[in-house]
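Everything on this sheet refers to the single structure shown next.
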Amino acid sequence: MQAFRSTVRVASQFRSTGLPRFVRGYSSAQTYEHLLVSTPKPGVGFVQLNRPKALNALSTPLILELNQALREFQADKSIGAIVLTGSEKAFAAGADIKEMKDLTFSTSYGNDFIEVWSDLVTFLKKPLITAVNGYALGGGCELAMMGDILYAGPKAMFGQPEVKLGTIPGGGGSQRLTKAIGKSRAMEIILTGDNITAKQAGEWGLVAKVFETPEECVNGALATAEKIASYSHITVKACKEVVNKSQDLGLREGVEYERRVFHGLFGSQDQKIGMAAFAAKKKAEWTNE
C-alpha cells in the first residue's frame, strides 16, 4: 500500500492523442481497449476514457468495458472512491452515431439498446467523481451527470444536441439535467441543441467546481476522491445513499429515510471508533465495518 502514497500529477504537456500523461507504475492488471485504468492514490480508482481518434465517443464496447472496470473497483475493498475522466479535448463528444444510424424501432426497443449505459448508476455504491475537460455532449453529458460529484476544466462544454439528429436524449439527459438546473434552462438546452460553457454550468449548479486548467481539474478530482476514501467506507456509502434518495422521495419521506439510516449506523464499529476518537482528540482508524 505504501507504493500508492505517490501522488499522480498531470503533466503540463499533452500527447498528440490529447490524453494526459500520468506517472507510470499504476496500471490495472486488466487490459482494456478503450480505457486506461489505475489506482493512483490510496483508496482511489481512476478510469480514463481512451478513444482519442473518436473524441471518446461512447459505444457499446466502451460502455461494457467501463461497467466492468467500475465493477472491479466496486468489489475491491481497498477502493473508497473513483474518478472518471476523458482527454483535454473531450470527456466524451457524444454517442457513436455510426453504431446508431441504421437501427430500427424493433431492434433498438427489442434489444434494450443503451440500457447497459445506465447500469453503473444502479450497481455503483462508491462515490464517483467525473472530471470533465473539453466536450461533454449528448451521451457524454449524460455520463458526466451520472457522477456523484462533477468537476469541470475551463474549456469544458456541456450539451444535449440530440434534437439536431432527429432524436432525444436517451441516457437520462432530460431527467438529470432538469433536476440539476431546473426545467426552463434544461428545456432551452434540449430544444435548441445549444451548448453551455463551464462557467455557465458552474453558475447554474450543474458542476460542483470549475478549475483554471485541465490538469487542476483532474488533480482536484483525485484529491477529493482521496479525501473521501480516507473516511469510513460504510459511512460514505450511507452518505451517498441518503443524498440519492432525496431525488426520489418527498421531503418528509426523505427525512424519515435519512433518520433510519442514521440510526442504523449506530450498529457499526466505525461509528464507535469515530466518536471515541473525536472525544479523545485522536485520528480515527477506520475498520470499514
Side-chain angles (χ1 to χ4, degrees), residues 1-8 22-32 34-50 62-85 116 118-131 143 146-151 218-245 257-258 260-278 280 282-289:
M1 182 60 98
Q2 184 63 32
F4 294 124
R5 296 295 176 184
S6 298
T7 301
V8 163
F22 293 96
V23 174
R24 295 179 180 179
Y26 299 104
S27 61
S28 169
Q30 174 76 36
T31 300
Y32 295 96
H34 304 301
L35 306 175
L36 299 175
V37 180
S38 59
T39 51
K41 287 177 175 284
V44 177
F46 183 76
V47 181
Q48 186 174 17
L49 305 181
N50 186 27
L62 182 150
I63 293 296
L64 290 175
E65 286 192 354
L66 177 59
N67 284 343
Q68 177 62 30
L70 294 177
R71 286 184 189 278
E72 290 181 2
F73 282 139
Q74 176 66 36
D76 188 339
K77 292 184 179 181
S78 72
I79 298 298
I82 304 163
V83 172
L84 173 64
T85 193
V116 296
S118 297
D119 277 358
L120 69 90
V121 178
T122 58
F123 74 74
L124 190 61
K125 307 300 182 184
K126 298 177 180 179
L128 176 67
I129 303 172
T130 47
L143 179 60
M146 290 181 194
D148 300 300
I149 301 173
L150 203 171
Y151 285 166
V218 176
N219 284 327
L222 288 169
T224 297
E226 183 179 22
K227 184 174 185 178
I228 293 170
S230 72
Y231 297 132
S232 161
H233 293 185
I234 193 169
T235 305
V236 167
K237 178 180 179 180
C239 288
K240 173 173 174 172
E241 181 178 334
V242 295
V243 172
N244 281 337
K245 276 295 182 181
Y257 185 87
E258 176 192 77
R260 296 296 175 265
V261 176
F262 170 75
H263 292 160
L265 286 175
F266 283 89
S268 72
Q269 292 184 24
D270 281 348
Q271 175 270 324
K272 302 295 185 291
I273 291 169
M275 292 192 176
F278 179 84
K282 296 180 179 180
K283 181 180 178 180
E285 299 293 338
W286 309 111
T287 64
N288 298 323
E289 296 179 354

Measuring from [X]:[atom1] to [Y]:[atom2], what's the distance to the nearest 0.5 Å?
X      : Y      : atom1 : atom2 : answer
Met146 : Asp119 : CE    : CG    : 9.5 Å
Leu143 : Leu66  : CG    : CG    : 6.0 Å
Cys239 : Glu258 : SG    : CD    : 9.5 Å
Lys41  : Leu222 : NZ    : CG    : 6.0 Å
Lys125 : Lys237 : NZ    : NZ    : 6.5 Å

Any idea which heavy atoms bring [X] and [Y] closest together, and the distance?
X      : Y      : result
Leu265 : Ile234 : CD2-O, 4.5 Å
Phe73  : Thr39  : CE2-CG2, 3.7 Å
Ala284 : Gly274 : CB-CA, 4.3 Å
Thr85  : Ala131 : OG1-O, 2.7 Å
Val44  : Ala225 : CG2-C, 3.7 Å
Gly80  : Pro127 : O-CD, 3.4 Å

Residue list, side-chain contact (heavy atoms from CB on, under 4.5 Å) with [X], at least two apart or on another chain:
X      : answer
Asn244 : Asp148, Lys240
Ala223 : none
Lys227 : Tyr231
Thr224 : Ile129, Ile149, Tyr151, Ile228

I want to check something: taking the side chain as every heavy atom from C-beta on, are [X] and [Y] in contact at a cut-off of under 4.5 Å?
X      : Y      : result
Leu35  : Leu49  : yes
Leu62  : Tyr32  : no
Phe262 : Val242 : no
His233 : Trp286 : no

Any donor-acceptor N/O pair, [X] side chain to [Y] backbone, under 3.5 Å:
X      : Y      : value
Asp270 : Asn288 : yes
Lys272 : Phe266 : yes
Glu65  : His34  : yes

Partners passing salt bridge (Lys or Arg N to Asp or Glu O under 4.0 Å) against Lys126 (at least two apart in sequence or in another chain):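 Checked Lys126 against salt bridge (Lys or Arg N to Asp or Glu O under 4.0 Å); zero matches.
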Residue list, side-chain hydrogen bond (donor to acceptor under 3.5 Å, both in side chains) with Gln271, at least two apart or on another chain: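 In terms of side-chain hydrogen bond (donor to acceptor under 3.5 Å, both in side chains), with neighbours along the sequence ignored, Gln271 is linked to no residue.
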